[in-house]
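Worksheet: the structure to be examined is printed underneath.
For reference, positions follow the sequence shown, starting with 1.
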Amino acid sequence: MGRSSTRGEGTRSRVRHDGPADEAPEGGEGEGRGGHGRRGGADGPEGGHRQGGPVRRSRRAPRSGKRRILRWTASVLALLILGTGAAGYLYYRHLNGNLRKEDLTLGDKKMADHKANAAGQTPLNILIIGSDARDSKENQKLGGAKETFGAAPLADVQMLLHLSADRSNISVVSMPRDTMLKMPKCTDPETGKVYAASTGNVQTNQSLGRGGPGCTVATWYELTGITIDHFMMIDFSGVVSMADAVGGVPVCVDANIYSHSSDGKGSGLKLEKGTTPVKGKQALQWLRTRYGFEDNTDLGRAQAQHQYLNSMVRELRKGTKLTDPGKLMDLAEAATSALTVDKGLDTVKKLYDLAEELKKAPTARITMTTMPNVYGTGNLSGRVFPKPGDAEQLFRMVREDIPLDGKASKRKAPVVKDQAAPTGEIAVSVRNATGTDSLAPAKGRATSVRDLLTDAGFARATTDAQDVEPAARTGLFYPSADLEGDAQAVAKALGIPLSQVKKSTDVSGIVLAVGADWREDGSYPAPSAEEKTPDTAKALNGEDEEACMHVNPGYTW
């Protein structure tokens, strides 16, 4: 792929967009949409040698040949991942050199640290970005829209992947590229150019042109408050090369589709009704198709991307596509050449470790969603905004590590070795964090909850009058393992779920932060429907093999 897309390794013309911009014309291949890569591994049983008896030896060669293939595969994997031996080390360095690296965030706002769960585990959030950059001959050929050549790239695909702290589930949230929001201040590390925070709403995909993927990360954090640990970015040619390396991915449409109109709009995707495996350019067409799916908007396109990614994960986890060493090397070459990553993922070893963490979540616990949204009006018709209430509910569930599939983790929590001290000896500081964006903190809540603790025998409960950051949900925090049992005893006495008891380096003792979910007097309210993923998020489960895209009647044949 063209190396001109590498920051610092060539010239990249940037054009700043100060306000909402119409999408690039979609003539021929002109849809501005990137895609995503995924990883996979190969597993296989070890072959065993069986003798037929004390005199006759088995002469069956195929089993031995299978063992040789498996050993060869293992050797290739060792070269790719561990770089053993001189040749392996050189190839390992070559793959590392393929990766392009940039700063994680370009915003001024420091992202908050993760709060650990009761077992001391923390979640992992990765922002996946599809760039529509037409900065190389291959990307220009695949992307079309000649009038956009040399313009600033757009982040036309944005998906936040959340791996739960206990590694039991994965949640994905897509943000439509037409989402209108406020842009934070970003400083381009390459040119030093400062992009001031926007005073009005700007289309979210313009964040990439304000310094690179680090500004897209900063934009997400500004909107959602979700701490982002890493990003991965891929462009058109990267999608094609990785799709070819992985092989066909089955996708489904409920009618014949041809994404092409008389005025040149569409991705060119042409499929018959039913399920078809797609790869290469056809996979890129699927990921970029808007005209022809659902209501011909970016919302239908996001659903198609979710179907494709879920199907790809299922295919890779079958272990049948990547047993050939040549395909493994093709995938390694394609993946490392296609990706731009943050500096925390700057080696193949780190990417492999990340893949191993992601593999811990079963396919049945993968949930794909789209940010709940509403359409704009007037001159913003066709653009979307976060849906009040529902969008924040989805973001809050990700922030607080609540599974979007509605299932509690079936993995048993580790036994807490620390036993609680006698109730009267446990010191608890109660803080009033009941404020919200629209409401001031409820008066007297810290005192009222302290009184509840005192009545329950916690004689050392006190209030803390310092200003605290509002919290949507009540939480109990402790600084070290020797206080975990005490913190859990406080939670049990008040009826607070143990999932809301977390280890934190921000406290020096046990702290109870009374959140906006407990603004009223009385006992702590039991968790309710607010823990449910909004229906407007259009959740799709990773094992749903019946998913099939609805074809818009105007694009059938």
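Lys343 NZ to Leu99 CG: the interatomic distance, rounded to the nearest 0.5 Å, is 14.0 Å. Distance CG/Leu299 to OG1/Thr370: 7.0 Å, rounded to 0.5 Å. To the nearest 0.5 Å, the span separating CD on Glu356 from CG on Leu351 amounts to 12.0 Å. In this structure, CD in Gln303 is found 8.5 Å from CG in Leu540, a value given to the nearest 0.5 Å. To the nearest 0.5 angstrom, Thr219 atom OG1 is 8.5 Å from Met175 atom CE. A distance of 7.0 Å separates OG in Ser259 from OH in Tyr555, rounded to the nearest 0.5 Å.
Here the closest heavy-atom approach between residue Asp229 and residue Pro123 is recorded as OD2-O, 4.1 Å. Closest approach of Trp557 and Ile257 over heavy atoms only: NE1-O, 3.0 Å. Counting all heavy atoms, side chain and backbone alike, Leu309 lies closest to Met368 at CB-CE, 3.7 Å. Between Val253 and Glu272, the closest heavy-atom pair is CG2-O, 3.4 Å. The two residues Pro184 and Arg210 come nearest to each other via the heavy atoms O-NH2, 3.2 Å. When all heavy atoms of Gly225 and Arg399 are compared, the pair lying nearest together is O-CD, 3.4 Å.
Residues Lys109 and Glu222 are in side-chain contact: their nearest non-hydrogen atoms beyond the backbone lie under 4.5 Å apart. No side-chain heavy atom of Tyr258 sits under 4.5 Å from any side-chain heavy atom of Leu271. When side chains are defined from C-beta on, Leu124 does not count as touching His114, because their heavy atoms never get closer than 4.5 Å. Between Leu345 and Met232, some side-chain heavy-atom pair lies under the 4.5 Å cut-off. Within the 4.5 Å cutoff, the side chain of Leu181 has no heavy atoms near those of the Pro386 side chain. The closest side-chain heavy-atom distance from Leu160 to Val398 is below 4.5 Å. Side-chain contact between Thr275 and Val251: absent, with no pair of heavy atoms (C-beta onward) separated by less than 4.5 Å. The shortest distance between side-chain heavy atoms of His306 and Met159 falls below 4.5 Å.
Here the side chain of Thr224 pairs a donor or acceptor atom with the backbone of Trp220 at under 3.5 angstrom. Here the side chain of Asn296 pairs a donor or acceptor atom with the backbone of Gly292 at under 3.5 angstrom. At distances below 3.5 Å, not a single donor-acceptor pair connects side-chain atoms of Thr289 with backbone N or O atoms of Ser267. Distance alone, capped at 3.5 Å, is enough to place a donor-acceptor pair between the Asn552 side chain and the Glu294 backbone. Although no hydrogens or angles enter the test, the distance criterion places no donor-acceptor pair under 3.5 Å between the side chain of Asn541 and the main chain of Thr367. In this structure, Arg314 contributes its side chain and Gly542 its backbone to a donor-acceptor pair below 3.5 Å. Not one N or O on the side chain of Tyr352 forms a donor-acceptor pair closer than 3.5 Å with the backbone of Thr347.
Remark: the Asn169 side chain and the Ser164 side chain contain an N/O donor-acceptor pair separated by less than 3.5 Å. At a cut-off of 3.5 Å, with distance as the only test, a side-chain donor of Thr216 or Ser207 sits close to an acceptor on the other residue. No hydrogens or angles considered: a donor-acceptor pair under 3.5 Å links the side chains of Arg383 and Gln203. Remark: the Glu333 side chain and the Asn98 side chain contain an N/O donor-acceptor pair separated by less than 3.5 Å. Side-chain polar atoms of Arg317 and Thr363 form a donor-acceptor pair below 3.5 angstrom.
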From CA spacing to verdict: side-chain contact (heavy atoms from CB on, under 4.5 Å), Lys101, Asp342
CA-CA 5 Å; Lys101 305 97 178 176; Asp342 67 276; over 6 Å; no
Quick one, Leu354 with Ile126, criterion side-chain contact (heavy atoms from CB on, under 4.5 Å). Give me CA distance, side-chain angles, the key distance, then yes/no.
CA-CA 10 Å; Leu354 174 61; Ile126 306 156; 3.6 Å; yes
Audit row: Trp286, Phe293, ring-ring contact (aromatic ring centres under 6.0 Å, His included) steps and yes/no:
CA-CA 10 Å; Trp286 175 274; Phe293 287 151; 5.0 Å; yes
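Between Asp188 and Lys193 no salt bridge is recorded (no basic side-chain N to carboxylate O distance below 4.0 Å). With respect to the salt-bridge test (charged N to carboxylate O, under 4.0 angstrom), the residues Arg301 and Asp298 qualify. In summary, Glu357 and Arg167 engage in a salt bridge, as defined by a charged side-chain N under 4.0 Å from a carboxylate O.
Every residue two or more places apart in sequence or in another chain that forms a side-chain hydrogen bond (donor to acceptor under 3.5 Å, both in side chains) with Ser261 is listed here: Asp263.
Under the side chain to side chain contact (heavy atoms under 4.5 Å, CB included) rule, Met111 has a single partner from Asn125, Ile228, Ile226, which is Ile228.
The 12-atom threshold is exceeded at NZ of Lys270, counting heavy atoms of other residues, nucleotides or ligands nearer than 6.0 Å. Around NZ of Lys350, the count of heavy atoms belonging to other residues, nucleotides or ligands within 6.0 Å exceeds 12.
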